[in-house]
Each structure stands twice: as structure tokens, then as C-alpha cells.
Amino acid sequence: MMPKYSLIVPIYNEEENLPELYQRISALMDRLDGPTELILVNDGSRDRSLELIRSLRDRDRRVCYVSFARNFGHQTAVTAGLHFARGQAIAILDADLQDPPELILDMVHLWQQDYQVVYAQRIARRQENWFKRLMAYCFYRILRRLSDIDIPTDAGDFCLLDRRVVDALNAMPERSRYLRGLRSWVGFRQIALPFRRDPRFAGEVKYTFLKSLSLAIDGIISFSKVPLRLATYLGLFAALVAIASILLVFYWRFLEPGSPLTGMATLTALVFFLGAVQLVCIGILGEYVGRIYEEVKGRPIYTLAEVAGFEEAMPPERC
Ligand code: UDP
Ligand code: MG
């Protein structure tokens, strides 16, 4: 018998959260109206997470897991979970209990009302520092402006997806996976479910500033060509400044003897300005070319070290 629901949880060094996470999710699984599989994706954890996951699997056959050969990142971990999920409705949530598992019941309710994508939208982030909140606030709004598709603001990866949506996501060959964007891109009937994001239950944030920044750049580059156009605009602007300064130089040289033109300083400023514009443009080009390079290499998105629970159907006593 195949599971009706799949719950995907990416795990990276979450040993302190796993026992509580399992408690809350198993209570949830008992309340869902069909057989449910819990897919734990171990993203190359260096603590005891994998051992704990193995022992959960021994205790409860509804727990399945996939373990990466190294750390590949959160988006890749979720992608792997989507590849393995067998349910008709598939939910994605974080391991640190910032996404309350109980909300999945409300999501299922909406799914039964024929919504294929139910995404949780944060109306409050409790106990996250102001810097992270400000960055997130600005980022989602900039992305929305820049991209051609309608990517909702303040919606993370916490969501429930219909089988058809997951099939569409799995059919996408791209390596750089900004899932919240891809999820909007596929279409279908989508609905937001507002919720308050809880603080992390235990442990430290695994998304360092650099990881978040790289996710943000991934989001913008994957879903917008505006930065490339920005390079053109910057170039045009620089050309205008150059023309204006040539005119000014002529004017001061020939028509006004007491010229305020202080040669070196103006020249240095202009050289730096042009240098900066060029570097920014090359950087933007580099971002796109780098992604083309990644795609062309065609390497698999992740390497698996261990997989358990997918070879067999759901055990009857749990269905
Ligand atoms: N995570 C992961 N790989 C990573 C970083 C994070 O699988 O390289 C997982 C982590 O275990 C957690 C989720 O992604 O389940 C979200 O991470 P975190 O809570 O640190 O980030 P937040 O989104 O809360 O800032
Ligand atoms: Mg978190």
C-alpha cells in the first residue's frame, strides 16, 4: 500500500531537535486520514543525527530516510526528498520546529478543497534578529519586483504540494534550485496560509549569513534577467556621464579661464567610477555564466550514501 501523505524534513546537524520533532510529527501522522511516510533527508550531518535517524527507522517503519554523502545544502536536500516521496500530497517542513507540524492539518484541509499548492506565509517571525528580518523583508520585495513570475513575499519552503506539482518539479532538470520560485512557476491553484513562525526549538541556525545570501542571489538570478539589463543601463549611464564631462572640459578649457577643474582629482574619480561600473557588470555576467557552466557540466545534484524505507510498501499495521 502506498502512502497518501509524505512529509519531507531536511536535516543538517539537528540532533537536539530530532526527538521532539519525531514526537510532534508522529502525533500528526496519527491524526492524518491516510498512511503517511516521514522522509528524513540527512544533508551530510556531522553530529549524531544519522544515528538518531536510523534508530527512529528501527522503531517506526513509517520513517524512511535518505542520507547524502556530504553537505549539499537545504534546497538540494528538499529536492531529494521530492524525488523519493510517494504520497499524493507532499509536505515540506524544517527540522527545528520553526514550522509547526500541526499546521499541516490545515494545509491538508485546503488541499482537499482542490488547492494544489498550499504555502505557509509568515506573518510574524518570533525571536529572529532584526538584521535577518530586515534582509528577508527587503529580499522578498526586490525579488517580486525583478522576476517575471509572481513569487509571494514571506513564503518559505514550508508547504504542501499535490502529486502533480511534485511531478512537475521533479521533471525540471535544472541544478540551481530555488524551490519557492519553481513552486510559483509551475502554476496550478495556489493559496497562502498565514502563520506565526516559532523560534528554533534547539540548536543553532544552519543557514549562515553567507548561505542565505547565496540563496537570495540564486533566487534573483534564476528568476530574473533584469540584472543583465541593469548592466546595460549602467553602461548607458556611464556613457552619459562621460559625454557630459567631455562637454564640461571643453567649456572650462576654452570659454572660462578660471576653471574649477582640478585635473587629477576629477580624473581619478572618473577612472574609479568607470572601473566600478565595469566590474559590477562583469560580476553580473559572471553570475549567469557560472550558472550556465553548472548546468552544462550536468553533474547529479547530490550523491547518496544511504537510503532506507523506499523498497517496500507501507507496513499494514501502520496504514
Ligand atoms: N539545512 C540543511 N542543509 C544545510 C542547512 C540547513 O538541510 O546546509 C536544514 C536544517 O537542518 C533545517 C532547515 O534546513 O531543517 C532550515 O535551516 P535553519 O533553521 O538553519 O534556517 P532558517 O530557515 O530557519 O534560517
Ligand atoms: Mg530554522
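Computed from a predicted structure; not experimentally measured. What you see below is based on every heavy atom in this structure, not just the backbone, and it leaves out hydrogens, waters and symmetry mates. Numbering of ligands and ligand atoms starts at 1, following listing order.
- Within the listing of ligand 1, atoms 1 (N), 2 (C), 3 (N), 4 (C), 5 (C), 7 (O), 8 (O), 11 (O) sit less than 4.0 angstrom from a heavy atom of Tyr12.
- Membership of the apolar cluster around Leu247 extends to Ile243, as traced through chained side-chain contacts below 4.5 Å between ILVMFWY residues.
- In this structure, Gln75 has no heavy atom closer than 4.0 Å to ligand 1.
- When the N, O or S atoms of Asp96 are ranked by distance to the Mg ion (ligand 2), OD2 comes first.
- In this structure, Ser222 contributes its side chain and Gly219 its backbone to no donor-acceptor pair below 3.5 Å.
- In terms of the ring pair (Phe, Tyr, Trp, His ring centres under 6.0 Å) criterion, residue partners of Phe68 (sequence neighbours excluded) are, by chain and number, Phe72, Tyr302.
- Within the 4.5 Å cutoff, no side-chain heavy atoms of Arg189 are placed close to those of Val117.
- Near Gly73, meaning under 4.0 Å from one of its heavy atoms, ligand 1 places the atoms 3 (N), 8 (O).
- Note that the CZ atom of Arg177 and the CG atom of Leu182 stand 6.0 Å from one another [nearest 0.5 Å].
- Less than 4.0 angstrom separates some heavy atom of Asn71 from each of these atoms of ligand 1: 3 (N), 4 (C), 8 (O).
- Considering every non-hydrogen atom in both Tyr119 and Gln190, the closest pair reads CE2-OE1, 4.0 Å.
- Short contacts between ligand 1 and Glu14, defined as distances under 4.0 Å to a heavy atom of the residue, involve ligand atoms 10 (C), 11 (O), 12 (C), 15 (O).
- Checking only distances, Ala77 never comes within under 3.5 Å of ligand 1, N or O to N or O.
- Close approach of ligand 1 to Lys211 (heavy-atom distance below 4.0 Å) involves ligand atoms 4 (C), 5 (C), 8 (O).
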